[in-house]
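Inspection log for the structure reproduced underneath, given as structure tokens.
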Amino acid sequence: ACMRGMSTSNIVKRNLALVLGYQGTRYHGLQMATQPNIPTVEAEVHKALHAAGAISASNNGDRNKVKWSSASRTDKGVHAAACVCTVKLLVSLAEDGAVPLSTLESWNSQLPSDIRILAALRAPKNGRAHT
């Protein structure tokens, strides 16, 4: 799995806290549905992260393999200004350990316009957002 424009030697799997903002009108809540073809914010974020190379093909769509956890839930049609989720992603970090802005822009370019990753921060190795 190679992120666009990144050398594979720089890519590491890290636990990150993502801050999501979204308009939930078109979605059946945040959490990925167990039934296929039900649009959720989490499913869209997973697809975008996979398309950008941050989730490998073997882990795509499996919230347990990427250790996805969210600090909240939303129902159908509900919006969120700052929802925190933790997830293990393949990422190339800056020297200071930060997720580069260009990476965030790459991820957001894969998302529908009503969902945005507002920030991505290093989380403790086993840190998890909880509901």
Side-chain angles (χ1 to χ4, degrees):
C2 182
M3 292 175 54
R4 288 186 197 145
M6 298 283 184
S7 164
T8 55
S9 63
N10 296 341
I11 296 176
V12 292
K13 192 169 192 178
R14 290 288 185 261
N15 194 37
L16 299 178
L18 303 181
V19 180
L20 307 177
Y22 54 88
Q23 294 178 329
T25 306
R26 298 186 313 124
Y27 304 101
H28 289 251
L30 171 65
Q31 191 170 358
M32 195 177 293
T34 54
Q35 307 87 355
N37 302 319
I38 297 200
T40 66
V41 173
E42 183 181 337
E44 291 296 330
V45 171
H46 273 253
K47 282 192 285 187
L49 292 171
H50 171 66
I55 295 177
S56 67
S58 62
N59 291 343
N60 189 34
D62 188 332
R63 66 192 327 262
N64 294 319
K65 285 186 177 180
V66 295
K67 307 283 189 224
W68 179 279
S69 183
S70 57
S72 65
R73 292 183 180 189
T74 56
D75 291 331
K76 180 179 179 182
V78 174
H79 312 312
C83 172
V84 178
C85 302
T86 51
V87 60
K88 289 201 176 197
L89 297 176
L90 297 166
V91 64
S92 180
L93 300 173
E95 283 186 29
D96 63 0
V99 176
L101 181 58
S102 59
T103 299
L104 204 58
E105 290 169 347
S106 170
W107 295 345
N108 279 319
S109 73
Q110 301 293 327
L111 284 167
S113 62
D114 51 5
I115 301 173
R116 282 292 167 261
I117 300 171
L118 304 172
L121 310 163
R122 289 277 308 266
K125 185 176 180 179
N126 294 314
R128 301 204 54 189
H130 288 284
T131 52

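Side-chain N or O atoms of Asn108 include none that pairs as donor or acceptor with a backbone N or O of Arg116 at under 3.5 Å. Gln110 contributes no side-chain N or O that, together with a main-chain N or O of Ala48, makes up a donor-acceptor pair within less than 3.5 Å.
Leu20 contributes atom CG, which lies 6.0 Å from atom CD1 of Ile117 (distance to the nearest 0.5 angstrom). Note: Glu44 CD to Tyr22 OH = 13.0 Å, rounded to the nearest 0.5 Å. Taking OG1 from Thr40 and CG from Leu30, the interatomic distance works out to 7.5 Å, rounded to the nearest 0.5 Å. Here NE2 of His46 is found 6.5 Å from CZ of Arg63. Values are rounded to the nearest 0.5 Å. Annotation: the span from Thr25 atom OG1 to Lys76 atom NZ amounts to 11.0 Å, rounded to 0.5 Å. One distance of note links CG of Leu121 with CG of Leu16; it measures 8.0 Å at 0.5 Å rounding.
Counting all heavy atoms, side chain and backbone alike, Pro100 lies closest to Ser92 at CD-O, 3.3 Å. Listed here is the closest heavy atom pair of Ser70 and Cys85: CB-SG, 3.6 Å. The two residues Leu118 and Ala81 make their nearest non-hydrogen contact at CD1-O, 3.3 Å.
Placement of Leu49 and Leu111 within a single hydrophobic cluster is found when ILVMFWY residues are connected by side-chain heavy-atom separations under 4.5 Å, directly or transitively. Leu104 and Ile55 fall within a single hydrophobic cluster, where Ile, Leu, Val, Met, Phe, Trp and Tyr are joined by side-chain heavy atoms under 4.5 Å apart, directly or via other members. Residues Met32 and Val87 are members of separate hydrophobic clusters, defined by side-chain heavy-atom contacts under 4.5 angstrom among Ile, Leu, Val, Met, Phe, Trp and Tyr.
Within 6.0 Å of atom CG in Asp96, more than 12 heavy atoms from other residues, nucleotides or ligands are found, so the atom counts as buried in its surroundings. Counted within 6.0 Å of CG on Asp75, heavy atoms from surrounding residues, nucleotides or ligands total 12 or fewer; the atom is thus considered open.
Gln23 pairs in a side chain to side chain contact (heavy atoms under 4.5 Å, CB included) with only one of the listed residues (Asp114, Ile115, Val78), which is Asp114.
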(request) Go through Lys88 and Asn59 one step at a time and tell me if the side chain to side chain contact (heavy atoms under 4.5 Å, CB included) criterion holds. (result) CA-CA 10 Å; Lys88 289 201 176 197; Asn59 291 343; over 6 Å; no

